[in-house]
Amino acid sequence: MRIKVVVAFGGESVEHEISILSAHQVMQAMNPMKYEVIPLYIAKDGRLLYHPLNTELERFENLDKVEREGYEVSLQRRGNRFYMCPNKYSFLRKEISFDMVFPILHGTHGEDGTFQGYLSTLHIPYIGCSVLGGAIGQDKIIMKQILEDSGLPVAPWFYWTLLKPLDDTFFRKAERLSYPLIVKPANLGSSIGVAKVENEVELHRAMIEAYQYDGRVVIEKAIEHVQEINCAVLGDEQTCEASVLEEVLSSKDILSYADKYVCGEGVKGIVSTRRCIPARIDEELALEIQTLAKECFRCLCASGTGRIDFLYNRETKDLYINEINTIPGSLAFYLWEKSNLPFPKLIDRLVQIAKKRYAQEQKRVYSYSVNILRLQGKGK
């Protein structure tokens, strides 16, 4: 019997379109002999919409049409069964049973654990990071604090909030890191709102821009002579494995949103980024990065598959963890394919990891059977 998987994508995020691209890559890779795909599109206003043809990427060239033709649904649990139910029933709108959810939601209101919290409340099994893992991975401030506390290497940094003035204290703190600096919103990805600055004037401008996306902003030392190395990890906190490494190739200091996702005149997804696989580094450094990637994955409570991005200073030989992507673009399938794990097999592994976690969670005690209100009524 095929496993019925709701693939959720879109969402209230500046990475909405990238989520659509990633989800359709996943849906195409899912073995139709093993899985029945149920597309769940989350509009930019947060509505959950269903249409059976939303497995076709071409439909999303016109998002207004997709929203008009889809109908609103909600997810429900009845006992041990799960259903996608239309908000308004009709002859053509019937509830659809399913077995688990596969969130392919990049950025806020999805990758950050928000959607996972919705599923956890309903006790619906899902693939990927837990609420905690998603929240930690999305928040660069909390992530860096945990990495530092775990003794893992991160570039010198500090953070600032919208409630604090951009005064002399702020600029002195930035000066102590020494320019150039990288400015990035705490809870965004895909290089949105990220800037490299060389002086106070540029720093002030970059902070104002970053505040458009988030009230908390990370300021970190820019790594010179940098080599960007990425490593994917698959598993959970108990056991995980690292992929072959990739080196991101660019003549720019920061890959922009367009650099990452737009190739020629069309949008191609994260696979359009120029990269070298395996990375052009020696075996000893490669092993160090893979070991650090697995440690990072564990200490940030990640599960499923994630991609850990590293910055390596070729001159000083210093290595830093830049960030984790708990739902990486395209699920970083290209790294697993180079690690002898084809995309369809990667999905099989992710399903098994999700089943394992759900079985463990069902054994936990979440509440007591004793009603203390009844005891209170008896004077106890």
Legend entry - Separation of T121 OG1 from L75 CG (nearest 0.5 Å): 12.0 Å
Legend entry - R47 with D45: basic N within carboxylate O range, under 4.0 Å: yes
Legend entry - Whether F171 and H204 hold their rings parallel, tilted or perpendicular, with breakpoints at 30° and 60°: parallel
Inset, instruction - Please report the C-alpha distance between H225 and Y312 in whole Å, then the side-chain angles of each, then the deciding distance to 0.1 Å, and finally whether the ring-ring contact (aromatic ring centres under 6.0 Å, His included) criterion is met. - result: CA-CA 8 Å; H225 313 288; Y312 179 64; over 10 Å; no
Inset, instruction - To the nearest 0.5 Å, tell me how far R78 CZ sits from L122 CG. - result: 12.0 Å
Legend entry - Centroid-centroid distance, Y50 to Y41, less than 6.0 Å: no
Inset, instruction - In plain terms, say whether K34 and D348 are close enough for a salt bridge, that is, a side-chain N and a carboxylate O under 4.0 Å apart. - result: yes
Inset, instruction - Give a yes or no on whether the ring-centroid distance for H16 and F9 is below 6.0 angstrom. - result: no
Legend entry - Reported NZ-to-CG distance for the pair K140 and N187, which is rounded to 0.5 angstrom: 7.0 Å
Inset, instruction - Test salt bridge (charged side-chain N to carboxylate O under 4.0 Å, His left out) on E200 and R205 and set out the steps. - result: CA-CA 9 Å; E200 286 190 9; R205 187 184 303 123; over 6 Å; no
Legend entry - Step-by-step salt bridge (charged side-chain N to carboxylate O under 4.0 Å, His left out) determination, K294 to E241: CA-CA 7 Å; K294 290 186 287 186; E241 61 185 276; over 6 Å; no
Inset, instruction - Name the orientation class of the two ring planes belonging to Y118 and F115 (parallel below 30°, tilted from 30 to 60°, perpendicular beyond 60°). - result: tilted
Inset, instruction - Taking the six-membered ring for Trp and the single ring otherwise, decide whether the centroids of F343 and W336 are under 6.0 Å apart. - result: no
Inset, instruction - Give a yes or no on whether the ring-centroid distance for Y126 and Y358 is below 6.0 angstrom. - result: no
Legend entry - Main-chain N/O of S339 paired to S243 side chain as donor or acceptor, under 3.5 Å: no
Legend entry - More than 12 heavy atoms from other groups under 6.0 Å of CG on N80: no
Legend entry - Check: I327 main-chain N/O paired with E111 side-chain donor or acceptor under 3.5 Å: yes
Inset, instruction - With rounding to the nearest 0.5 Å, note down the distance linking CG in L285 to CD in Q290. - result: 10.0 Å
Legend entry - Cationic N near anionic O, under 4.0 Å, R59 to E69: yes
Legend entry - Neighbour count above 12 (heavy atom, 6.0 Å) for K356 NZ: yes
Legend entry - Residues E220, K184: salt bridge by 4.0 Å N-O rule: yes
